[in-house]
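Accompanying notes for the structure given below.
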Amino acid sequence: MINSALLHQTLKDNFGFEKFRPNQEKIINSILSQKDVLAIMPTGGGKSICFQLPALLLPGITIVISPLIALMKDQVDSLKANGIDACYINSSQSDQEQQLHIEAIINNKIKLVYVAPESLSYLENTFNQITVSLIAIDEAHCISSWGHDFRPAYTNLGYLKNRFTSTPILALTATADKATRTDICQQLNLINPTVFISSFDRKNLSLEVRPALDRVKQIIDFIDKKPNECGIIYCLSRKTTEELAEKLQKAGINANPYHAGLDSNTRAQTQDTFINDDCQVVCATIAFGMGIDKSNVRWVIHYNLPKNIEGYYQEIGRAGRDGLPSETILFESYGDLIQLQKFASQGLNAEVQLSKLERMKQYADAVSCRRKILLSYFGEIVTENCGNCDVCKNPPEFFDGTILAQKALSGIIRLKESEPLPVIVDFLRGSKNASIFDKEYQNLKTYGVGSDVSWHDWNQYIIQLINQGYCEIAFHQKNHIKLTALAHEVLFNGEKVQLTTVHKVVVENSAVKESKNTKSKKDSLFEVLRKIRYDISKEESVPAYVIFSDAVLKEMEINRPMSDDELLAIDGVGKVKSEKYGDIFIKAIIDFHKSKAAKPKKGATTYKETLALFESGLSPEAIAKKRNLGVSTIMSHLAKLYQEGVAIDLFQFVTKEEVAKIAKAKISLESPTALKPYFDHFEEQIPYEKIRLALAIIEKESSK
Ligand code: ADP
Ligand code: ZN
């Protein structure tokens, strides 16, 4: 039996990681004791290590069955970057190329070989000449017709157990449902498999649902704030992907569409540029993503409501595989819901699809922690609120909405229950447009009774009334809003209605905002390191995240390793990478450090003056007056002096709680170099001086 210390050593030396993620070590131990294993882990959970690490410890070769050529290439690139001998065999290669690989396999020069199920036959002769120590079957749910990605070639894989009777098989998937699980074990002929099911919670993904008003503008504003972060926008239709990409391009954003209707060259190119950090945004249908291992997707937006929670969770799961905080936003619109209901009711299994859609809608309308709802959908019961979804961050405030409800419901009656939502809102607000005047609605009673409430808020209130069952949308009658029996209780029997305040979505003016965030981040150490990584990735023709993940660069930014040992202590830096890239990254860090440290010297005398006055007992305000400078300038002097080691008690100007808050914001804002992002983050409640002082304290602490 191999002990835990050796496993950790192997993990660090070869992959650079300091510790295992949940279940990785257990799965590896089972394999090493020759057991068959079924491992269920969410996307980004770290499945690959579960077979890559044992492959290094076992004497023979590990065969990895993988459904997608792009995925194989990516994994082989990553392994090679860590100095591990691996190759893949698939139909994209020439005979010659395949022959070369096969020779290497026979000569024991390879530890892992990736092969598509369709190409297994190419290896049939080779199998007689080698020892197969482990067979890993990735995306194992493809074997099951119950699952969502059924692949006929997978159904032949059952023969592997008969062919290699004593070789353990590891089946891996992110699909959790029971029917698929049983099917996988049976079809692969696994013998008493140990089943490991990891938590599906991806804590680093924030969850947010917004009403779909001004979607494009909201998206542009969102992307403008993160010019160096890439993301995926999922759309319902091919047409939307193209239109949206075009709008984003017009706004100066590097975006491309992706859908199954584009020719394969265009698709491959879009995928490649995205993977290689040369395209920031992909507007895609659900056809995009399965073959993408890119670990630094920083956000995922759903432009339209997804069909079901499984799909939604898989799609947002493509963000933040490296474990860094990543954002997800879902835009909810009634129009989408109507369209999806139509599709679902016309398709196969209409009843099931409609009920799945209903769960999706309930998720979007949730007034309690969204993560709890998601996880309970996957059978995980959580008692704590997550703190990282919009509901947790901004809990809904209930108020007595009875009068609003009465106005809306009686308005609906006046319009004879034969108008859709927008017309009802126009009517309540007393709008003077064609939808009102054409039918002379302005002469009806209750016209304009709600002119004091904004269009957006009315819209949301009526949606809340629909969600609470007071009225409903007649999908088959031009989406007219009808009352239900419950409405009569409100109108005639005095039933009270609770509504929740509508949160304002702040849509900033992007022209004013300009590139202030771009500027603040551009000269950060992270960006310097990112540029170096990008250049190396081009030289070596591999995706940038294969060199080092964003998480590793972030660690370098925080810990500033300046020697080989310090670099090796970074989570994610292994031996081979530290030897290969260490010098160049260390040099960049030292240079950066020097250039930043050099700056304050320019104003040395002016700091000295401030210090002398401060030490003589003057307050910052008094010093400012005396020196004819702003208080904030004096504060910045004190911060600088403190950072350079002068013993000043900054806690007399900023509380420990404030420092803790700012430290937290520093992480969530990803260490901006400017103060403005913090100021905005705290909604202008913490003054600049305090932010500056707190940052000085935090930085001093972290450099100890
Ligand atoms: P999955 O196949 O389950 O989606 P991957 O195997 O691609 O996940 O791993 C997701 C990311 O997590 C990769 O960037 C990988 O390098 C990283 N990772 C895996 N195991 C660890 C670990 N023990 N510590 C830190 N990062 C890890
Ligand atoms: Zn929550």
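One-based numbering along the sequence shown. We count ligands from 1, going down the list as the structure has it; atoms in each ligand are counted the same way. Only a predicted model underlies this, so the values are computations on that prediction, with no experimental measurement involved. What's counted below: heavy atoms across the whole structure, side chains too, no hydrogens, waters or symmetry copies.
Within the 3.5 Å criterion, the main-chain N or O of T194 finds no donor-acceptor partner in the side chain of K35.
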May I have a table of the N/O to N/O pairs between ligand 1 and the protein that fall below 3.5 Å, each row giving the two atom names and the distance to 0.1 Å?
residue: ligand 1; atom: 3 (O); partner: G45; partner atom: N; Å: 3.4
residue: ligand 1; atom: 3 (O); partner: G46; partner atom: N; Å: 3.1
residue: ligand 1; atom: 3 (O); partner: K47; partner atom: N; Å: 3.0
residue: ligand 1; atom: 3 (O); partner: K47; partner atom: NZ; Å: 2.9
residue: ligand 1; atom: 4 (O); partner: G44; partner atom: N; Å: 2.6
residue: ligand 1; atom: 4 (O); partner: R321; partner atom: NH1; Å: 3.1
residue: ligand 1; atom: 6 (O); partner: K47; partner atom: N; Å: 3.3
residue: ligand 1; atom: 6 (O); partner: S48; partner atom: N; Å: 3.0
residue: ligand 1; atom: 6 (O); partner: S48; partner atom: OG; Å: 2.7
residue: ligand 1; atom: 8 (O); partner: G46; partner atom: N; Å: 3.2
residue: ligand 1; atom: 12 (O); partner: R21; partner atom: NH1; Å: 3.0
residue: ligand 1; atom: 12 (O); partner: R21; partner atom: NH2; Å: 3.2
residue: ligand 1; atom: 12 (O); partner: R321; partner atom: O; Å: 3.4
residue: ligand 1; atom: 20 (N); partner: Q24; partner atom: NE2; Å: 3.0
residue: ligand 1; atom: 23 (N); partner: K19; partner atom: O; Å: 2.8
residue: ligand 1; atom: 23 (N); partner: Q24; partner atom: OE1; Å: 3.1
residue: ligand 1; atom: 26 (N); partner: R21; partner atom: NH2; Å: 3.4

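Note: H302 and Y312 have tilted aromatic rings, judged against thresholds of 30 and 60 degrees for the angle between ring planes. The aromatic rings of F548 and Y581 stand perpendicular to each other, their planes meeting at an angle above 60°, with 30° marking the opposite boundary.
For C389 atom SG and C369 atom SG, the angle they make at the Zn ion (ligand 2) is roughly 120°, to 10 degrees. Note: angle at the Zn ion (ligand 2), from SG of C386 to SG of C392, is 120° (rounded to 10 degrees).
Rounding to the nearest 0.5 angstrom, the gap separating the CG atom in D74 from the CG atom in L79 is 10.0 Å. Separation of atoms CD1 (I49) and OG1 (T10) is listed at 11.0 Å; rounding is to 0.5 Å.
F585 pairs in a side-chain contact (heavy atoms from CB on, under 4.5 Å) with only one of the listed residues (V552, L553, I570, V573), which is L553.
Between K73 and D77 there is a salt bridge, since a side-chain N of the basic residue sits under 4.0 Å from a carboxylate O of the acidic one.
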